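Shown next, in structure tokens, is the structure this report addresses.
Because the structure is predicted, anything quoted here is derived from the model rather than measured.
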Amino acid sequence: MHGLGLSLLPKTTVTAETQNGQLAILPLDYPNFKLNVQLCYHTKRQLSMPMKAFVQLMCRPTPHGLHSPEQASTALLL
């Protein structure tokens, strides 16, 4: 919106802005596109059940690729 570049956002996040012309949706055609996600949390605090479920969801393999063993073992420490 401020001419600063591109961003990857869910369509639902920018529905109003695309409808009123503030933002434009550009096609993304990269078959091997990967988005690395990092998740940090305080190890000395107890995680709530919803947060534990979210962490487990984020650490699951996706159809696009599997986590390396060291990533999966590190990511699943709760």
Side-chain angles (χ1 to χ4, degrees):
M1 269 175 25
H2 299 285
L4 298 175
L6 302 172
S7 182
L8 298 174
L9 299 167
K11 276 186 183 181
T12 55
T13 305
V14 294
T15 300
E17 291 82 358
T18 57
Q19 288 176 348
N20 68 23
Q22 287 180 291
L23 294 176
I25 297 175
L26 301 175
L28 180 65
D29 187 22
Y30 294 99
N32 296 324
F33 178 77
K34 292 181 182 179
L35 179 63
N36 294 320
V37 177
Q38 296 180 357
L39 180 63
C40 301
Y41 55 90
H42 198 294
T43 57
K44 293 184 180 181
R45 293 186 134 188
Q46 186 173 359
L47 296 178
S48 66
M49 290 304 290
M51 187 60 178
K52 282 183 183 181
F54 179 71
V55 170
Q56 289 174 350
L57 174 70
M58 295 302 291
C59 292
R60 281 195 322 211
T62 67
H64 306 291
L66 301 174
H67 298 289
S68 68
E70 56 276 353
Q71 286 175 322
S73 64
T74 303
L76 293 175
L77 291 176
L78 295 178

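Shown here are the side-chain contact (heavy atoms from CB on, under 4.5 Å) partners of P10, two or more places apart in sequence or in another chain: T12, T13. Listed by chain and residue number, nothing satisfies the side chain to side chain donor-acceptor pair (under 3.5 Å) test with D29 (two or more places apart in sequence, or in another chain). For I25, the side-chain contact (heavy atoms from CB on, under 4.5 Å) test picks out K11, T18, with sequence neighbours left out.
Summarising the geometry of M51 relative to L39, their closest heavy-atom pair is CE-CD1, 4.4 Å, with the distance given to 0.1 Å.
Applying the 6.0 Å contact sphere to CG of L6 captures no more than 12 heavy atoms from other residues, nucleotides or ligands.
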